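Below is one structure; the comments refer to it alone.
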There are 2 protein chains.
Amino acid sequence: MQPREKFPAPTVRRLSLYLRELRAHQDAGHATISSKQLGEALGLTDAQVRKDLAFFGQFGHPGVGYRTAELIDRVRKILGKDRSWNACVVGAGNIGRALLPYGRFRRDGFDIVAIFDRDPAVIGTLIADHRVRPLSDLPALVRERSIRIGIIAVPAEAAQETALRLLEAGVVGILNFAPRRLDVGKRIAVVNVDFMVELEQLAFQLSLDTSAERPKPRKKSGERSHDD
Amino acid sequence: MQPREKFPAPTVRRLSLYLRELRAHQDAGHATISSKQLGEALGLTDAQVRKDLAFFGQFGHPGVGYRTAELIDRVRKILGKDRSWNACVVGAGNIGRALLPYGRFRRDGFDIVAIFDRDPAVIGTLIADHRVRPLSDLPALVRERSIRIGIIAVPAEAAQETALRLLEAGVVGILNFAPRRLDVGKRIAVVNVDFMVELEQLAFQLSLDTSAERPKPRKKSGERSHDD
DNA sequence: AGTTGTGAACTGATTCACAGCC
DNA sequence: GGCTGTGAATCAGTTCACAACT
């Protein structure tokens with residue numbers, strides 16, 4: 001019956017940014033960090049930082065702040081990064097090819113262990129040490145290699161079918177780079193990344209600035225990040 | 001004095017999704033669409049759709065809905081896509097190389113007209129019909145080719161410096177693929193895309209599902225998209 | 001009958017402000 | 001003095017519900 005604890009989506013998104021910033025802070029040699037410092041680095045208030053972290057426990061030390069190493073561990077754990085996640089890429093086009101050699105993933109708990117494509121001309125070729133496999137191999141490889149995440153890097157037209165094949169093969173989450181909405185019937189988690197959407201968000205802000213062209217330069221312009 | 005009209009960020013983000021969906025709807029041959037239909041396609045309420053659109057004007061026709069072609073035009077205009085935006089890519093690594101041949105951009109108002117890199121070994125080589133240029137050419141090319149958007153596809157360490165060079169060269173917006181926060185002193189717009197952040201959001205949802213492992217399969221699982 | 005546009009009500013997120021701790 | 005954790009207050013975003021329009 002326990003009603004699946006729910007956390008605010010904005011909080012979870014910021015958690016990733018905290019983690020990124022905490023590492024930079026640690027690399028800079030700081031053993032502790034205050035909510036004020038962390039907030040300033042990300043353009044947030046100190047209260048916001050504390051509230052976010054407080055959803056998941058009490059990690060701070062009054063009068064001191066948060067111990068960097070300790071907080072990194074905690075946030076990693078919250079984000080599910082205390083174990084490693086095997087993933088596969090479907091689609092050996094530009095995006096698929098760019099993702100494979102991206103070493104940051106493996107170094108950080110996400111291991112791309114297979115790549116698939118439908119085109120017989122690329123099946124069998126090597127991309128960053130991985131042999132491209134036909135889609136028919138998907139179910140077997142998902143099982144054999146404990147693949148839990150599917151990364152969709154196929155054209156929009158093929159995305160929905162690909163999602164269903166991944167779902168059937170048994171992945172539990174999808175990172176979707178195709179510019180269309182996937183219908184997976186609420187059964188698994190989906191996160192979408194659409195470059196065109198991001199460019200449009202940028203264009204919108206730029207249009208605001210220039211369409212309301214004003215004589216005197218203003219204090220603050222259209223700074224804004226979906227990510228910060 | 002006019003206080004720069006401000007629109008809710010979630011609304012602006014959904015606008016891009018509306019546009020994407022509207023095109024699919026139009027391609028499917030439908031001349032009109034109701035807020036209910038559009039909402040259902042994206043997992044939103046009809047009221048949400050109407051409120052979002054109402055921020056920008058009255059485009060609907062009571063009893064009929066929205067005329068697809070008309071609404072597409074309106075939303076394109078709101079998003080600043082009624083004119084074309086020249087962009088450049090800095091960094092000829094995996095991501096930079098993947099972006100250049102991505103034909104959707106040009107077809108949709110974003111034209112990548114130059115690519116830069118710092119590495120002498122790749123300067124001068126061709127990537128998807130573009131000759132890779134040294135960073136020293138940046139200011140001249142931004143002027144000559146009316147580049148307004150800079151796309152950062154360099155390693156994290158070089159990102160901040162790259163941002164400043166783009167800023168100085170005169171771009172008005174940055175799409176940042178590097179995994180770190182850019183400080184551009186509120187002077188220009190920045191949109192961040194970090195693949196690691198997206199994977200972490202996915203991992204978080206998956207951890208929720210499995211950590212609270214329950215005996216009976218439940219109605220709804222951790223469906224969630226930063227994008228829908 | 002079907003659908004928009006929009007005030008009013010509600011739900012959720014952020015900021016404030018301060019007691020308690022180091 | 002500096003900092004966290006958190007209830008209370010505020011602000012923002014969403015949903016409700018209905019008058020107006022076709």
Side-chain angles (χ1 to χ4, degrees), chain A residues 3-18 22 25 30-72 74-75 78 201 224-228, chain B residues 3-18 22 25 30-72 74-75 78 201 224-228:
Chain A
R4 157 92 72 250
E5 205 164 355
K6 190 62 190 346
F7 303 99
T11 293
V12 177
R13 188 143 264 276
R14 283 190 296 266
L15 240 33
S16 282
L17 303 180
Y18 294 156
L22 284 167
H25 194 78
H30 303 289
T32 68
I33 189 169
S34 69
S35 56
K36 186 144 175 292
Q37 287 175 295
L38 186 48
E40 266 164 16
L42 296 169
L44 307 168
T45 65
D46 53 336
Q48 178 80 83
V49 172
R50 293 197 300 277
K51 260 274 153 64
D52 282 343
L53 296 175
F55 274 105
F56 303 95
Q58 308 191 177
F59 318 135
H61 304 275
V64 178
Y66 301 86
R67 300 203 218 288
T68 317
E70 182 192 349
L71 189 53
I72 287 175
R74 299 302 207 105
V75 176
I78 294 166
Q201 298 299 302
R224 175 75 213 157
S225 308
H226 102 274
D227 223 13
D228 80 345
Chain B
R4 157 95 69 249
E5 205 163 357
K6 188 62 189 344
F7 302 99
T11 292
V12 178
R13 188 142 264 274
R14 283 190 296 266
L15 240 34
S16 282
L17 303 181
Y18 295 156
L22 284 166
H25 194 77
H30 303 289
T32 67
I33 189 169
S34 68
S35 55
K36 189 146 174 291
Q37 287 175 294
L38 185 49
E40 266 164 17
L42 296 168
L44 307 167
T45 65
D46 52 335
Q48 178 81 81
V49 172
R50 293 198 299 276
K51 260 276 154 63
D52 282 343
L53 296 175
F55 274 105
F56 303 95
Q58 307 192 178
F59 319 134
H61 304 274
V64 177
Y66 301 85
R67 299 203 218 290
T68 318
E70 183 192 348
L71 188 53
I72 288 175
R74 300 300 208 106
V75 176
I78 295 165
Q201 298 299 301
R224 173 78 216 156
S225 307
H226 101 271
D227 222 13
D228 83 343

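Within every chain, numbering begins at 1; the chains are lettered A, B, ... in the order of the sequence lines, protein sequences first and strands thereafter. Please read these numbers as outputs of a predicted model, since none were measured by experiment.
Within the structure, every side-chain polar atom (N or O) of A:R67 is placed at least 4.0 Å from both OP1 and OP2 of C:dC22.
At a threshold of 4.5 Å between non-hydrogen side-chain atoms, the residues A:L42 and A:R14 do not count as touching. Residues A:T11 and A:F56 form a side-chain contact, since some pair of their non-hydrogen atoms from C-beta on lies under 4.5 Å apart. Side-chain atoms of A:H30 and A:Q37, non-hydrogen and from C-beta on, never get closer than 4.5 Å to each other. A heavy-atom distance below 4.5 Å is found between the side chains of A:L53 and A:L71. A 4.5 Å side-chain heavy-atom check between B:Y66 and B:V75 finds every atom pair outside the cut-off.
Here the P atom of nucleotide C:dG5 and the CG atom of B:L38 are 13 Å apart, to the nearest Å. Taking atom CZ of residue B:R13 and atom P of nucleotide D:dT14, one finds them 13 Å apart after rounding to whole Å. Rounded to an integer number of Å, the gap from NE2 of B:H30 to P of C:dT3 is 14 Å. As rounded to whole Å, 13 Å separates atom P of C:dT14 from atom CG of A:L53. Taking atom CD1 of A:I33 as the reference point, atom P of D:dG2 lies 18 Å away to the nearest angstrom. Distance A:D52 CG to D:dT4 P: 13 Å, rounded to the nearest Å. The nearest whole Å value for the distance from the CZ atom in A:R50 to the C1' atom in D:dG5 is 7 Å. A straight line from CD of B:Q37 to P of C:dG2 spans 13 Å, rounded to a whole angstrom.
Side chain A:K51 to base D:dT6: no donor-acceptor pair is found below 3.5 Å.
Listed nucleotides: D:dC21, C:dG20, D:dC16. Nearest to the side chain of A:P62: C:dG20. If you check D:dT15, C:dA13, C:dT3 against the side chain of B:Q48, the one that comes closest is D:dT15. When the nucleotides D:dT4, C:dT4, C:dT14 are ranked by their closest atom to the side chain of B:S35, C:dT4 comes out on top. Listed candidates were C:dT6, C:dT4, C:dA13. Nearest to the side chain of B:Y66 is C:dT4.
DNA chain C is contacted by both A:P10 and B:Q58; B:Q58 maps to the nucleotide lying nearer its 5′ end (nearest heavy atom per residue). Between A:G63 and A:G57, the residue anchored nearer the 5' end of DNA chain D, judged by the nucleotide with its closest heavy atom, is A:G63. Mapping A:H61 and B:A54 onto DNA chain C via the closest heavy atom, the residue that lands nearer the 5' end is B:A54.
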